Amino acid sequence: MDYTYDPENIFAKILRGDIPNQTVFENDHALAFRDIAPQAAVHVLVIPKGPYVSLDHFARDASADEQVGFMQAVAAVSESEGVDAGFRAIANTRSHGVQEVPHFHLHILGGQQLGPMLPK
Ligand code: AMP
């Protein structure tokens, strides 16, 4: 796999502070912010601060501290967003997964009944 990272992708610009975001949570290794086009009552994106293009890239190459920090951000978001009734975490990956932004991000969707995982 080629995991070449494009530093001009929109989430890299958010991390650099070049464009604004609605931050929900931040720690040393991850940033969580509201999706600009929410597809559910709660729609937050959790991204690592490191240059990883996809979930598999992050899982392969991120340090243990980065991986723990990322998952702690997921826990913080699930708590602060009031999704006790449940949520869905989605990591769209490359072409078949219809990934638009080439910086790993986990969609946290909830706040309502989400229905089937995929359209029939
Ligand atoms: P994906 O198809 O998984 O790559 O999804 C990318 C997501 O990023 C989409 O849900 C977009 O609405 C969201 N998005 C794109 N630009 C921004 C932005 N500037 N701030 C917040 N979310 C964004």
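All ligand and atom numbering here is 1-based and tracks the order in the structure. Here the structure is a predicted model, which is why all the values come from computation and not from measurement.
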Heavy atoms of other groups near Met117 CE, more than 12 under 6.0 Å = no
Taking only residues two or more places apart in sequence or in another chain, which ones pass ring-ring contact (aromatic ring centres under 6.0 Å, His included) with Phe25?
-> none
So, Phe104 versus Tyr3, ring centres under 6.0 angstrom or not?
-> no
Cluster question for you: counting only ILVMFWY and a side-chain heavy-atom cut-off of under 4.5 Å, with indirect links fine, are Leu109 and Val46 together?
-> no
Under 3.5 Å, is there a donor-acceptor pair between the Asp65 and Ser63 side chains?
-> no
Within the heavy-atom cut-off of under 4.0 Å, ligand 1 is lined by Ile10, Phe11, Ile14, Phe33, Arg34, Asp35, Ile36, Ala37, Leu45, Asn92, Val98, Gln99, Glu100, Val101, His105, His107
CD/Glu26: more than 12 non-hydrogen atoms of other groups inside 6.0 Å | yes
